[in-house]
Amino acid sequence: MERTVVGQVIATFGRHLLVRAGTGEPLRARPFGRALEVVCGDEVRCRLDARHDEVHVLEVLPRRSVLWRASKRGGAEPVVANLTQLLVVLAPLPAAELFIVDRYLAAASAAGVPAILVVNKSDLGIAARLEAELEAYAAAGYPAVRCSAASGTGIAGLLEMLSPGSIAALVGQSGVGKSSLVKGLLPAAGVEIGELARAEEGRHTTTAARMFDLDDGAALIDSPGVRDFAPAVQALDERTLGFPEVAQLAAGCRFIDCRHLREPGCRVRRAVEEGSWHARRYESYRRLRRLHERLGAHRGR
Ligand code: GDP
Ligand code: ZN
């Protein structure tokens with residue numbers, strides 16, 4: 001019988017992978033066959049092959065969650081698997097594009113994982129306007145952690161939000177301080193990534209997705225592909241597009257298939273008119289709805 005082993009993909013360099021089985025040193029691996037799509041965080045079954053220094057990934061085990069990004073052709077492709085939390089990083093500078101933040105939050109919802117807002121560069125001061133937005137997010141169920149990668153303030157608090165065993169993926173606009181945060185979050189002793197991972201990193205020019213262990217048994221996924229991704233609208237819930245506020249209000253709409261745009265008797269729109277739902281979040285919802293319809297994501301699903 002052939003020997004197989006189950007492990008987790010902790011790094012991807014294009015089709016070159018590192019798979020960690022048990023607590024051992026990661027193994028060099030490659031998907032067996034073109035059709036097999038493997039991403040960082042995936043749990044995979046591999047065939048050990050004594051003759052080669054690479055193992056073959058035969059199978060991707062069922063994913064507990066997937067972060068979907070819009071592919072170049074407008075479809076959906078996985079970027080990270082088995083994440084349990086999404087950390088959406090923003091900062092006073094560069095000024096937060098809240099529409100993009102909202103799209104990341106929607107992607108978390110499509111992945112079925114909770115999201116936290118990480119407000120980095122709090123040393124620069126958080127303007128009253130941003131604070132008001134954070135309040136609206138908190139009301140929608142998205143807590144914010146204020147921190148500063150530069151001064152270290154709030155980093156311990158952020159670590160506390162990552163429960164043992166959790167896998168957190170970091171997203172956010174460029175320049176908000178994600179690299180700085182990764183450095184701040186990793187154990188002070190430095191990143192023990194292993195000889196092989198270091199060697200692999202040197203061998204490939206492809207930008208890598210990496211999973212790092214944190215001190216308390218949680219893990220962090222950092223990947224350029226995850227950082228600036230546009231979420232796949234196809235993966236979003238048809239009714240709510242991933243907005244918890246809409247999910248809550250939609251039961252009060254006259255029509256079961258209400259899109260919450262111009263339909264009469266729309267509870268969602270009424271909430272905005274009454275001021276009980278944030279107008280800017282609603283505007284984000286409308287933009288995402290238009291995008292959803294333009295891409296025809298509502299058809300053929
Ligand atoms: P990334 O593009 O999201 O990975 O952002 P970087 O980590 O490269 O940071 C972008 C810039 O913001 C760099 O010049 C950092 O030194 C700076 N930066 C990162 N974190 C902080 C912070 O907490 N406070 C301040 N003032 N600057 C920061
Ligand atoms: Zn409605």
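Side chains included, hydrogens not; waters and symmetry mates left out as well; all remaining heavy atoms used. Counting starts at 1 for both ligands and their atoms, following the listed order. The model shown is predicted, which means the values in this text are computed figures rather than measured ones.
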Practice prompt. Please work out which of the three classes, parallel, tilted or perpendicular, describes the rings of Trp277 and Phe243, given edges at 30° and 60°.
Written response: perpendicular

Item to complete: Check step by step if salt bridge (Lys or Arg N to Asp or Glu O under 4.0 Å) holds for Glu54 and Arg28.
Response: CA-CA 5 Å; Glu54 266 187 346; Arg28 253 190 220 115; 5.9 Å; no

Worksheet item: Is it the side chain, the backbone, both or neither of Leu124 that has a heavy atom closer than 4.0 Å to ligand 1?
Response: side chain

Worksheet item: Looking at ligand 1, does Gly172 have a heavy atom less than 4.0 Å from it?
Response: no

Worksheet item: Would you find a donor on one side and an acceptor on the other, under 3.5 Å apart, between the side chain of Ser65 and the backbone of Leu83?
Response: yes

Discussion item. In the structure I gave you, are the side-chain heavy atoms of Pro78 and Arg63 within less than 4.5 Å of one another anywhere?
Written reply: yes

Discussion item. What I want to know is whether Cys147 and ligand 1 share at least one N or O pair that is separated by under 3.5 angstrom.
Written reply: no

Worksheet item: What about Ser151: any of its N or O atoms under 3.5 Å from an N or O on ligand 1?
Response: no

Item to complete: May I ask which of Ser179, Ser174, Gly154, Ser180 has a heavy atom nearer to atom 4 (O) of ligand 1 than the others do?
Response: Ser179

Practice prompt. For ligand 1, note which part of Asn120 has a heavy atom under 4.0 Å away: side chain, backbone, both or neither.
Written response: side chain

Worksheet, complete the sentence: Atoms of ligand 1 under 4.0 Å from any heavy atom of Lys178, numbered from 1 in the order shown, are 1 (P), 3 (O), 4 (O), 5 (O), 7 (O)

Worksheet item: Taking atom types as modelled, is there a side-chain donor on Asp102 or Tyr137 under 3.5 Å from an acceptor on the other?
Response: yes

Practice prompt. Run through the side-chain heavy atoms of Ile, Leu, Val, Met, Phe, Trp and Tyr, join any pair under 4.5 Å, and report what else lands in Val57's cluster.
Written response: Val9, Leu17, Val19, Leu36, Val38, Val44, Val60

Practice prompt. Would you name the N/O/S atom of His260 that lies closest to the Zn ion (ligand 2)?
Written response: ND1

